[in-house]
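First the structure, in the form of structure tokens, and then the observations on it.
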Amino acid sequence: MLKFRNILLGLVLPACIGLSSIELHAQNTVHGHILDALTGEPLAAASVTVLGTDTGTTTDNQGHFELALPDGNYRLRISFVGYTSTEMTLSLQPASRAPLTIHLLPAVIAVDEVVVRGAAPRINDPAASSHHLKATEDLLDRVPGADFIQRANFAWEPVVRGLSGGQVGLVIDGIKVIGACVDKMDPSSSYVEVENLEKLELTKGGFDLTQSSQIGGTINLITQKPRFDQPLYADTELSYGSVAALRQGRVSDGLTRGNTSVRGSFSYKEAGNFSPGGAEPIPNSGFKKNNYKFDLSQRIGSRHELTASYLGDNAWDVGYPVLLMDAALAKAKIYSLTHTWRPDTHFIPRWETKVYFNRVDHWMSDFKRDVRERTVMRAMNMPMFGKTRTTGALSKLELEHNAYRLELTLDAYETKSFGDMWMFSVFENIPDMYLLNLGDVRARHGAIAADFITPLRTGLTARLGLRLDHSPRKVQRDEALAVLQGRWGVGDLAQSYTLGNVSLSLTQELGSGGRLRLSLANVGRLPTHVENYGHYVYNYVDGYFYTGNPNLKPERSTQVELGFEKWTSKVGIRASIFSNHVHHYIGGRNDADLLGNTSALRFRTYYNSSAAFLTGGEASIVVVLREWLELTGTASYTRGQNLELDEPMYLIPPLTGWTSLRAMRNKWWGDLEARMAMPQNRVARIFADEDGTDGYFVVNVRGGTTLGPGIDLSVGIDNLFDVHYHEHLSFGNLPNPGRNFYLTLSYSI
């Protein structure tokens, strides 16, 4: 053990040369009250967490809490089920004893929040993370209404209530990161690993306009930042999974001296071919990946803080056995500089501004495949390359007065995108060909958003969201211009969109932890740059090659959602039903139809169909059976209909759910989980010739123990009965992994 500790210290200390030794300070007792901002009633069992640590507590029946902390600067996070969480900075000196009074506003838009580290809430939300986290997808997978398009054993694309791609806002610390692969092999969620993630926030529907203009939902991946509350810390983890011989290791560490704090993390993953239930391994289904992050924070006085961050992610030899291509290499580099100002006034609690730059590069290749017999582009190798460069700035100003809150957001960024491909025939007498998929597309985007929360009367709260987006875009390369101008018969492909959005939510307290919420929205989403200007982009859903349409209109969505919550010390219930009417729904239409002939060539263009309609709902429940035992469960369902074609929308998940019996006693914990999905036979025949999917029922067993100070061991079996199944959103019916034994050992100092 001493040798292991020395290895960890060797990882930590070289990054922090020159920092002085650490002094121990006397303990301070921090105490205060947490109250409802509207009624002034105390909130019992609210959570108070010291960010960056495992220190936390909950309030008693009078809303009172106490924390013992040494002198220093801390960041507290105060949360309560059904209320909007808040954070505050706390500076403790030897004579600090002043009580705190903290007011929380009822949450008027439901946000599913999964915290990676932190104290437990009053009772665990069913969406809480599992103990075994291989990737960020494992966190999203816990939230009802969230699904994934699966193209491989890695980098799944999030789907929220049946919508995906440009219909879902996906950001990292609010930063826009645009994937470089025209085939969507590199969603932004794949760039953030568990060790550099603090929490994940998911808002379903178009009701939260603070992060982006979208109609499906918003996913914000909030990363870990340096801790000023701990002078020295380090975490490491080693894990192995049998189904694909997955080996992964993680380490994160940091050091603080005075007003300077640094944090770094690194991880490596390598997986071989994985085995589905009861079958042999699938060839060409492995991958290799590393991820690294470094943050440096400097406090300037007691009110200002600067944080410089760098996140890098590399994946290579990624097999996509059901697609035409593999990913030879995918690289992302994300830089940001953030200034946070916390004025000495209750009227302006926080003003945060950041500037950022990120670059994403993606190489696809099929040289390791036999292309002579494939049905698409037979006897042709097609290496592809894509890149994006995004520069932006984001500023959020928070204003508060009693129970009124206003958040103003300025959001501006520019993305430059390029994609090309070569076509090399295996026959020597056929010349090589070159094609531009994206010819130096430049898209600029500016937005201003306002989010206002106000009490209307006792127990009734309103939240009004307004957002205005403007996005000019154009193609700069002459070759790409010539192709698209010839196709559409226009001389100018430049496009400029202006989009207004509005949402309103009303929350009525029902007493005894109950709340009823009604949310309305009229929002839109802009076409993606590929939908506008892509050329010869293969769509694996319907098997057509697509050409972009610079004349596309934005999708417009009218949404209604009704939500209900009831939380007590023993039972928690959260349920919602929704409807979403999408106008100008973007789909694909045969190019031959537009040209007035009956050519059988498999080419399509993007176009605006008349409308689509989605409806459905989610429900979560948690029941505390004993102090150490709880039962949880979730269920979600979405029904989508293409109104123009009078058939189901494609890639709509079936009724899904899971239930779990969780136990935690002393140093031991255990989790028996069952996951299920019903068959999906509501499929698109005219648009995509989509096939149906059988249902499944899968059982997982997990457990763990604390072996010693800072040492934890967890073991488990996923897919206990080795069921052979695949998700409905899995391309090419790629099956899910079979029985997987895993072992994880972690150590913290």
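Worth knowing before you read on, the calculation uses all heavy atoms, side chains too, and leaves out hydrogens, waters and symmetry mates. Numbers for residues simply follow the sequence, beginning at 1. Remember, predicted model here, so these are calculated numbers, not experimental data.
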Side-chain touch [X]/[Y], heavy atoms, less than 4.5 angstrom:
X      : Y      : result
Asn291 : Leu311 : yes
Leu209 : Val523 : yes
Glu352 : Leu394 : no
His362 : Met185 : yes
Thr390 : Tyr413 : yes
Asp173 : Ile222 : yes
Phe545 : Arg604 : no
Glu561 : Arg517 : yes

Does this structure show an ion pair linking [X] with [Y], if we count only N-O contacts that are shorter than 4.0 Å?
X      : Y      : answer
Arg142 : Glu673 : yes
Glu565 : Arg574 : yes
Asp469 : Arg467 : yes

Should we say atom NZ of Lys416 is surrounded by more than 12 heavy atoms from elsewhere, each under 6.0 Å from it?
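At most 12 heavy atoms, drawn from other residues, nucleotides or ligands, come within 6.0 Å of this atom.
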Does Met678 CE have over 12 foreign heavy atoms under 6.0 Å away?
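No, because the 6.0 Å sphere around CE of Met678 holds 12 heavy atoms or fewer from other groups.
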Given 3.5 Å as the limit, does a donor-acceptor pair link the side chain of [X] with the main chain of [Y], or not?
X      : Y      : answer
Arg359 : Lys333 : no
Glu555 : Val582 : no
Ser579 : Thr615 : no
Asn608 : Lys553 : yes
Asp542 : Asp689 : no
Glu690 : Ala684 : yes
Ser188 : Val177 : yes
Glu531 : Asn549 : no
Thr415 : Ala443 : no
Gln495 : Pro550 : yes

Output the distance between atom [atom1] ([X]) and atom [atom2] ([Y]), rounded to the nearest 0.5 Å.
X      : Y      : atom1 : atom2 : result
Thr634 : Trp658 : OG1   : CH2   : 5.0 Å
Leu520 : Phe207 : CG    : CZ    : 7.5 Å
Ser519 : Lys204 : OG    : NZ    : 12.0 Å

Take Arg685 and Asp691 through the salt bridge (charged side-chain N to carboxylate O under 4.0 Å, His left out) test and state the conclusion after the steps.
CA-CA 8 Å; Arg685 297 298 188 189; Asp691 61 349; over 6 Å; no
Before you tell me yes or no, could you show the steps for Arg463 and Asp208 under salt bridge (charged side-chain N to carboxylate O under 4.0 Å, His left out), namely the whole-Å CA-CA distance, both residues' side-chain angles and the distance that decides it to 0.1 Å?
CA-CA 10 Å; Arg463 178 176 179 179; Asp208 184 0; 3.5 Å; yes
Given the ring of Tyr320, does Arg151 sit roughly above its face, with NZ or CZ under 6.0 Å from the centre of the six-membered ring and within 45° of the axis?
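Here Arg151 fails the 6.0 Å and 45° test against Tyr320.
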Could you check whether Arg161 makes a cation-pi contact with Phe578, meaning its NZ or CZ is under 6.0 Å from the centre of the six-membered ring and within 45° of the ring axis?
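Positive - Arg161 is close enough to the ring of Phe578 and near enough to its axis.
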Which pairs, with at least one residue in residues 156-206 and sequence neighbours excluded, count as a ring-ring contact (aromatic ring centres under 6.0 Å, His included)?
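Qualifying pairs, neighbours excluded: Phe148-Trp156.
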Can a donor-acceptor pair be found between the side chains of [X] and [Y] at a distance below 3.5 Å?
X      : Y      : answer
Arg556 : Tyr585 : no
Thr223 : Asn196 : no
Ser395 : Thr353 : yes
Gln559 : Ser557 : yes
Asp411 : Thr409 : no
His581 : Thr558 : no
Thr218 : Gln211 : no
Glu618 : Ser576 : yes

Determine whether Thr656 and Ser636 satisfy the following criterion, side chain to side chain donor-acceptor pair (under 3.5 Å), listing intermediate values before the conclusion.
CA-CA 6 Å; Thr656 60; Ser636 60; 3.2 Å; yes
Ring geometry between Phe357 and Tyr335 (parallel below 30°, tilted from 30 to 60°, perpendicular above 60°):
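Rings of Tyr335 and Phe357: parallel, as their planes differ by under 30°.
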Whether Tyr540 and Phe731 hold their rings parallel, tilted or perpendicular, with breakpoints at 30° and 60°:
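Tilted, since the angle between the ring planes falls between 30° and 60°.
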Step by step, would you call Lys289 with Glu193 a salt bridge (charged side-chain N to carboxylate O under 4.0 Å, His left out)?
CA-CA 10 Å; Lys289 186 177 192 291; Glu193 289 295 323; 2.6 Å; yes
Gln150: which of Asn736, Leu729, Val322 passes side chain to side chain contact (heavy atoms under 4.5 Å, CB included):
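When side chain to side chain contact (heavy atoms under 4.5 Å, CB included) is applied between Gln150 and each of Asn736, Leu729, Val322, only Asn736 qualifies.
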Assert yes or no for the condition that the ring centre distance of Tyr546 to Tyr544 is strictly below 6.0 Å.
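Distance test on ring centres: not under 6.0 Å, no.
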Please lay out, stage by stage, how Lys396 and Glu398 fare under the test salt bridge (charged side-chain N to carboxylate O under 4.0 Å, His left out).
CA-CA 7 Å; Lys396 290 181 178 289; Glu398 299 177 11; over 6 Å; no
